[in-house]
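Presented below is the structure to which this report refers.
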2 protein chains.
Amino acid sequence: MIEKKSKEKYSISELAGEFNISPRSIRFYEEKNLLNPKRTKGNQRIYAKSDRARLKLIMRGKRFGYSLEEIGEMIGMTSTDFDEIGQINKSLEYGIRKLKEIREAKAELEMMEQDMLKVKDKLMIRLKEIEGANKQAGEGR
Amino acid sequence: MIEKKSKEKYSISELAGEFNISPRSIRFYEEKNLLNPKRTKGNQRIYAKSDRARLKLIMRGKRFGYSLEEIGEMIGMTSTDFDEIGQINKSLEYGIRKLKEIREAKAELEMMEQDMLKVKDKLMIRLKEIEGANKQAGEGR
DNA sequence: ATTATATATTACGTTAACGTAAAGGTTAAG
DNA sequence: CTTAACCTTTACGTTAACGTAATATATAAT
């Protein structure tokens, strides 16, 4: 049997559809060296699973407010050109820094969540106040 | 005794320094109606605690990748012009949506964290491999 | 009062991250 | 083989979020 699993190759618009972005964006990410898909003999882009995974990482970074440059540095970390110990150590350091950032961001998100909950509570209280006042005043129609 | 606590008023550059942004940015946020500080009789901006708190929210939103427009909608939620129940309900809905987003973002951050940790592990393993190889080969100098 | 800073407004410049349009090749379907 | 639906590159346009510079007051320090 020949090797073939589920979905091995994707076209640019397939990925665009899946991630809800434009093909232009994907090409743009390639311009910035965040992606590097193979091509058909007719020069059209074909994305492998690994490319799709990278795009996923890109989108994740974006959703979190990272610039493409930062994302490039982050996912560059996963590239497979570690030939020197120095490189690995640099990557490790970088990763550790990013981990710190991520954890800080998580903490901030939790603060935001708390803020939101507080505002929500206030709104609820205010609602009840108004309802109470209306009840008191007997404002039917 | 006259009422006066700790730090009641801030100048634009004080806030800029505190949040590590430029005065220009702060003025820009004001242009976008995200801030609305009082003025001195000489027309210079004075920021009260509440203004500082708002700026804090703005920065938090930014760090999380929200656009100023979105942030405006979010912190607009905390403004005190809720005179109608409908308004309150709308705000509540909005807040709940945002809460969902925040929780999703938290989940994503956790995924990123896991990714990072995986990559880190791989790098560590690779490092050991190389070290092991060097030991084997006895590559001193 | 006189500087030295800080701030205000106005207005043009810049960068990232695409959007959009033109002009043409490629692939899948009939 | 001929389209229709995609895809390619090239290149100029756009928007958000400021940067920067010029010119003019304001406030703080001496």
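Note that the structure is predicted; figures quoted are calculated from it, not measured. Lettering follows sequence order; numbering is per chain, from 1.
- The side chain of B:Lys62 lies closest to D:dA17, out of C:dA17, D:dA17, D:dT8.
- Checked by atom type and distance alone, the side chain of B:Glu104 never pairs as donor or acceptor with a backbone atom of B:Glu101 at under 3.5 Å.
- In this structure, A:Ile46 atom CD1 and D:dC6 atom P are separated by 18 Å, rounded to whole Å.
- If A:Arg45 and A:Arg24 are placed on DNA chain D by their nearest nucleotide, the residue sitting closer to the 5' end is A:Arg45.
- Counting to the nearest Å, the C1' atom of D:dT15 and the CZ atom of B:Phe28 are 10 Å from each other.
- Of the listed nucleotides (D:dA26, D:dT9, D:dC18), D:dT9 has the atom at the smallest distance from the side chain of A:Arg39.
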Working for side chain to side chain contact (heavy atoms under 4.5 Å, CB included), residues B:Tyr10 and B:Ile46: CA-CA 6 Å; B:Tyr10 308 82; B:Ile46 1 176; over 6 Å; no
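- Here C:dG25 is the nucleotide among C:dG19, C:dG25, C:dA17 with the atom lying nearest to any side-chain atom of A:Gln44.
- Remark: P of C:dT26 and NZ of A:Lys41 are 11 Å apart, rounded to the nearest angstrom.
- Electrostatic pairing of B:Arg27 and B:Glu30 does not count as a salt bridge here, judged by no charged N lying under 4.0 Å from a carboxylate O.
- The CD-P distance, from B:Glu31 to D:dG19, rounds to 13 Å in whole Å.
- Distance from the side chain of B:Ser22 is smallest to D:dC18 among D:dC18, C:dC18, C:dA8.
- As rounded to whole Å, 14 Å separates atom P of D:dA17 from atom OH of B:Tyr66.
- With D:dC6, D:dC18, C:dA8 as the candidates, the nucleotide lying closest to the side chain of A:Ser13 is D:dC6.
- Regarding contacts with the backbone of D:dA26, every side-chain N or O of B:Thr40 stays at 4.0 angstrom or more from both OP1 and OP2.
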What's the verdict on side chain to side chain contact (heavy atoms under 4.5 Å, CB included) for B:Lys32 and B:Glu69, showing C-alpha distance, side-chain angles and the deciding distance? CA-CA 8 Å; B:Lys32 296 289 173 177; B:Glu69 195 177 338; over 6 Å; no
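- Ion pairing of A:Arg52 with A:Glu18 is present here, as a side-chain N (NZ or NE/NH1/NH2) and a carboxylate O approach within less than 4.0 Å.
- Between B:Ser11 and the phosphate of C:dA6, there is no side-chain N or O to OP1/OP2 separation shorter than 4.0 Å.
- A straight line from CZ of B:Arg27 to C1' of C:dA6 spans 9 Å, rounded to a whole angstrom.
- Within the structure, a side-chain polar atom (N or O) of B:Asn43 is placed less than 4.0 Å from OP1 or OP2 of C:dT9.
- Put simply, A:Tyr29 has a side-chain N or O that comes within less than 4.0 Å of OP1 or OP2 on C:dC18.
- B:Ile12 places its CD1 atom 15 Å from the P atom of D:dT27, with the value rounded to the nearest Å.
- A:Ile21 comes within 4.0 angstrom of nothing in the nucleic acid, heavy atoms only.
- Across the protein-nucleic acid pair, B:Ile26 atom CD1 and C:dT9 atom P stand 14 Å apart, rounded to whole Å.
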